[in-house]
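Report on one structure; see the data block that follows.
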2 protein chains.
Amino acid sequence: MQQKKVEQLLKQHDIKPSYHRIKILSYLLEKKNHPTADMIYQELVKEIPTLSKTTVYNTLNLFVEKNVAIIITIDENETRYDADISLHGHFKCSSCGKIYDIRLNTAGIIPDELEKFQIDESHIYFKGTCPLCLKKALS
Amino acid sequence: MQQKKVEQLLKQHDIKPSYHRIKILSYLLEKKNHPTADMIYQELVKEIPTLSKTTVYNTLNLFVEKNVAIIITIDENETRYDADISLHGHFKCSSCGKIYDIRLNTAGIIPDELEKFQIDESHIYFKGTCPLCLKKALS
DNA sequence: TAATCAAATTTTAATGATTACAAATTTAAA
DNA sequence: TTTAAATTTGTAATCATTAAAATTTGATTA
Ligand SMILES: [Mn+2]
Ligand SMILES: [Mn+2]
Ligand SMILES: [Zn+2]
Ligand SMILES: [Zn+2]
């Protein structure tokens with residue numbers, strides 16, 4: 001996505017598109033790798049040597065508050081972020097660590113039992129071994 | 001559940017049923033409240049003044065390793081434990097903090113997209129406001 | 001242009017959950 | 001009883017995240 005589009009997206013969500021914010025959102029949108037705050041920091045600090053990790057945290061918290069990104073918690077003590085805010089699932093491979101996006105047929109995903117509950121967020125994820133790592137394990 | 005049953009359960013999973021382990025597993029089984037390690041500690045230390053928080057952590061890690069309990073991660077930086085190891089979902093109320101068990105019709109819960117993946121764990125949870133808190137909010 | 005002000009970023013320090021490690025205690029076997 | 005192994009404890013370390021205060025940036029106004 002071009003920078004202009006990213007700026008648009010930020011503005012649409014009431015966020016002033018500062019240099020850092022554009023960089024961080026671009027990272028999320030392009031990499032689609034569900035990174036931790038630290039992964040983003042380690043990558044961007046190469047380009048922006050003055051970057052502070054607190055800025056990464058502040059920015060991600062702002063994104064979540066303004067619904068530009070969501071938090072994915074699959075493993076304990078490891079907060080990850082996703083700029084794809086649509087309802088979709090994830091699979092984390094315990095071997096290579098990659099987190100895959102899983103498209104769900106969202107119909108009938110909400111249990112009847114929750115009829116009287118107000119649902120703000122739905123999360124579905126799986127853990128195991130991905131096909132690539134399964135193949136490697138054979139050889 | 002009586003103490004004998006709890007001991008049985010531990011033995012079945014290759015865990016020597018020490019006093020502390022029985023207490024901690026009993027807590028999980030009786031309360032069914034998906035507690036944090038600290039919640040368990042705070043409650044049990046009343047009965048067992050010499051209890052160490054490290055023991056609670058060690059024991060919970062052992063339970064997870066031996067499949068007597070599972071880890072539930074709904075909110076970041078808050079690891080919770082559940083002695084119900086069957087496939088079921090959860091709902092956490094953002095208002096009162098309670099975590100509800102949700103029975104799922106497990107049929108067709110695994111997306112076709114994961115056919116070639118080896119799935120070890122499935123997690124489904126929702127966040128929002130529970131009926132009790134919704135009612136309170138009205139008045 | 002220069003002064004002003006708020007927002008954004010940085011720096012440093014604090015917090016809190018979890019783990020590491022070694023010592024002490026308990027349990028069970030020899 | 002002796003000894004070794006397992007369990008528990010206490011303390012310190014680690015690591016992710018947040019808090020607070022200082023600095024910088026960038027727009028706005030005089
Ligand atoms: Mn995703
Ligand atoms: Mn449960
Ligand atoms: Zn893999
Ligand atoms: Zn509630």
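Just so it is clear: chains get the letters A, B, ... in the order the sequence lines come, proteins before strands, and each one is counted from 1.
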(request) Check every atom of D:dT8, D:dT17, C:dT12 against the side chain of A:T54 and return the nucleotide holding the closest atom. (result) C:dT12

(request) Determine yes or no for a side-chain-to-main-chain donor-acceptor pair under 3.5 angstrom, with A:Q118 supplying the side chain and B:C130 the backbone. (result) no

(request) Would you indicate which nucleotide in D:dT18, D:dT17, C:dA17 comes nearest to any side-chain atom of A:K53? (result) D:dT17

(message) Surrounding CG of B:D120 (heavy atoms of other residues, nucleotides or ligands, distance under 6.0 Å), is the total greater than 12?
(response) yes

(message) Judged by each residue's nearest nucleotide on DNA chain D, which is more toward the 5′ side, B:T59 or A:Y81?
(response) B:T59

(request) Take the protein atom CG of A:L25 and the nucleotide atom C1' of C:dA8, then report the distance between them rounded to whole Å. (result) 17 Å

(message) Counting only side-chain heavy atoms from C-beta out, which of D:dT9, C:dA8, D:dT17 sits nearest to A:K16?
(response) C:dA8

(request) Verify the distance criterion only: is there a donor paired with an acceptor across the side chains of A:D84 and A:S86 at less than 3.5 Å? (result) yes

(message) Using a 4.0 Å heavy-atom cut-off, does B:T55 contact any base of the nucleic acid, only the sugar-phosphate backbone, or nothing at all?
(response) base

(message) Students often get this wrong, so: under 4.0 angstrom with heavy atoms, is A:T36 touching a base, only sugar-phosphate, or nothing?
(response) nothing

(message) Tell me whether B:K98 forms a cation-pi arrangement with B:Y100, defined as NZ or CZ under 6.0 Å from the six-membered ring centre and within 45 degrees of its axis.
(response) yes

(request) Specify the residue among B:E78 and B:N58 whose closest nucleotide of DNA chain C lies further upstream toward the 5′ end. (result) B:E78

